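Numbering starts at 1 and runs along the sequence shown. In this text the structure is predicted, and so the values were computed from the model without any measurement.
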Amino acid sequence: MNRLLLAAYPASHRARHGDEVLGCLAEAYPGRSWPPPREVAALLGAGVRARAHAVAEDPARPWWLDGVQLAALVLAALALVPYLQDVWHWALRIDPGDHAIGFHFAGWYPWADGPTRTRLLPYGVLPLVCLVALARGRAWIALPASAAMVYAGATYGSSTLFGDEGKAGLGYYGLGAPLTAHELVLSGTLCAACAVLAACRPGRLRRHAYSRLVPVALALFLAGQLHVTAISPAFQRGLFAVEVAGLLAAWVATAATGDRRWLIPVAAFAFVRLQAIVLRPGGFMGSLPDLVVLLLLIAPLPALAVAAQRRQRRTLLELP
């Protein structure tokens, strides 16, 4: 089990120091397959810092381009969240029956017969295509998918291609901020980021391994098998924990390297979510107090900027 902790470190670090770390753990905790929680947290934190240094020291691309790609990945994942169950059921031709929430039941399958309008394609396929394409560094595929998301929101009420789920009702709730597809802020920001990436040479974009998409497949499976939807309180609490973990990882990476690339995805995330709060001040789900939500969205930006400045100042003082 100790080898699972090494996955937090980059491949080059594992090749050089992996056996040494495993040996130290076996000597410090004989007979245990898993170290104490404090040691696990320390190893994971060190792994995040090691990966951050590897990314920041990579001369293959400028920091701002990597930041824009990270921002696009975050926004694509954010747009996919409410449709995990939808996409899983559609892809495997599963009829959720009474577990379907907010859909026209049989009418949202292209192969089903029923009195309701047929959904030719679930809206959630578009952010999924964006996410996979961006992870593989293929912005030319993500750009038309994100543009289709903008079209779907802009033509709400006049197009039946995607049905009305996610546009007529609440599409995303995170931290109690309702966000619908036809508001276009999320899809428009994602499309702009994809356009910037598509204008660059494909070789300059970072290409992540397909193994990075395993958490996405696991989320689709859990949402589909357990019939978990975005309106579930348990789902919202889990999503909140994931978002806080992501913000903490961005802070650790910025504090360790002094690099500002992680400010870009955090700023894009805060912009989209704050817009939902400002436009719908009375639309909170009541899962968290309003002031807590605003602080959680606003506070990370100055915190990351200060962490980067302090690290850069420390680096200058350490130079001979």
Asks: Report the distance from atom CG of Leu128 to atom OH of Tyr83, rounding to the nearest 0.5 Å.
Replies: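 With rounding to 0.5 Å, CG (Leu128) is 13.5 Å from OH (Tyr83).
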Asks: Looking only at atom types and distance, does a side-chain atom of Gln85 sit under 3.5 Å from a main-chain N or O of Leu220, one as donor and one as acceptor?
Replies: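 Between the backbone of Leu220 and the side chain of Gln85 there is no qualifying donor-acceptor contact (under 3.5 Å).
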Asks: What pair of heavy atoms forms the shortest contact from Gln69 to Gly137, and how long is it?
Replies: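 Shortest heavy-atom separation between Gln69 and Gly137 comes out as NE2-CA, 4.1 Å.
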Asks: Of all residues at least two apart in sequence or in a different chain, which pass the salt bridge (Lys or Arg N to Asp or Glu O under 4.0 Å) check with Arg206?
Replies: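 Asp58, Asp66.
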Asks: Membership question, hydrophobic clusters at under 4.5 Å side-chain separation (ILVMFWY): are Val74 and Leu126 in the same one?
Replies: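 Both belong to a single hydrophobic cluster.
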Asks: Does the pair Leu197 and Trp140 meet the rule for a side chain to side chain contact (heavy atoms under 4.5 Å, CB included), with working shown?
Replies: CA-CA 8 Å; Leu197 297 173; Trp140 56 274; over 6 Å; no
Asks: Does Trp262 reach the side chain of Thr257, with side-chain heavy atoms less than 4.5 Å apart?
Replies: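 Yes; the side chains approach each other to less than 4.5 Å.
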Asks: What distance separates Phe269 CZ from Leu78 CG, expressed to the nearest 0.5 Å?
Replies: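 Here the interatomic distance stands at 6.0 Å.
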Asks: Is there a side-chain contact between Thr189 and Val272 in this structure, where contact means two heavy atoms from C-beta onward sitting under 4.5 Å apart?
Replies: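 Yes, their side chains come closer than 4.5 Å.
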Asks: Mind checking whether Leu190 and Val68 sit in one hydrophobic cluster, side chains of I, L, V, M, F, W, Y counted as touching below 4.5 Å?
Replies: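 Looking at the clustering, Val68 is in the same group as Leu190.
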Asks: CG of Leu75 to CZ of Phe271: how many Å apart, nearest 0.5 Å?
Replies: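 Those atoms lie 10.0 Å apart.
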Asks: Sequence neighbours left out, what passes side-chain hydrogen bond (donor to acceptor under 3.5 Å, both in side chains) with Arg212? Give chain and number order.
Replies: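 Arg212 satisfies side-chain hydrogen bond (donor to acceptor under 3.5 Å, both in side chains) with His208 once adjacent residues are dropped.
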Asks: Of all the heavy-atom pairs spanning Ala145 and Val129, show the shortest one and how long it is.
Replies: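 Minimum heavy-atom contact is CB-CG1, 3.9 Å.
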Asks: Identify the heavy atoms of Gly203 and Arg61 that sit nearest to each other, and give their distance.
Replies: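 Nearest pair, atom of Gly203 first, then Arg61: O-NH2, 4.4 Å.
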Asks: Do Trp64 and Val196 come within less than 4.5 Å of each other through their side chains, counting heavy atoms only?
Replies: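 The answer is yes; the side chains approach within 4.5 Å.
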Asks: Which heavy-atom pair separates Ser187 from Met149 by the least distance, and what is that distance?
Replies: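 The pair with the smallest heavy-atom distance is CB-CB, 3.8 Å.
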Asks: At what distance, to the nearest 0.5 angstrom, does CG of Leu70 lie from CD1 of Ile264?
Replies: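 Output value for this atom pair is 8.5 Å.
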Asks: Shortest non-hydrogen contact from Pro127 to Ala76?
Replies: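 So the minimum-distance heavy-atom pair works out to CB-O, 3.6 Å.
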Asks: Nearest 0.5 angstrom please: Leu205 CG to Arg136 CZ, how far?
Replies: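 Here the interatomic distance stands at 12.0 Å.
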Asks: Ignoring hydrogens, what is the shortest heavy-atom contact between Cys130 and Ala142? Give both atom names and the distance.
Replies: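 What the structure gives for the nearest pair is SG-O, 3.4 Å.
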Asks: Do Leu213 and Leu92 belong together in a cluster built from hydrophobic side chains that touch within less than 4.5 Å?
Replies: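 Yes; tracing contacts between hydrophobic side chains, which count when under 4.5 Å, links both residues.
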Asks: Okay, side chain of Ser146, backbone of Leu143: is any donor-acceptor separation there less than 3.5 Å?
Replies: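 Yes, because the side chain of Ser146 sits within donor-acceptor range (under 3.5 Å) of the backbone of Leu143.
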Asks: About how many Å separate CZ of Arg138 and CZ of Arg207, when rounded to the nearest 0.5 Å?
Replies: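 Reported to 0.5 Å precision, the distance equals 5.0 Å.
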Asks: Is there a path of hydrophobic side-chain contacts, each under 4.5 Å between heavy atoms of I, L, V, M, F, W or Y residues, that connects Val242 with Val216?
Replies: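 Each belongs to a different hydrophobic cluster.
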Asks: Would you say Tyr210 ends up clustered with Leu131 if hydrophobic residues are merged whenever their side chains have heavy atoms under 4.5 Å apart, either directly or through other cluster members?
Replies: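 Hydrophobic grouping puts Leu131 with Tyr210.
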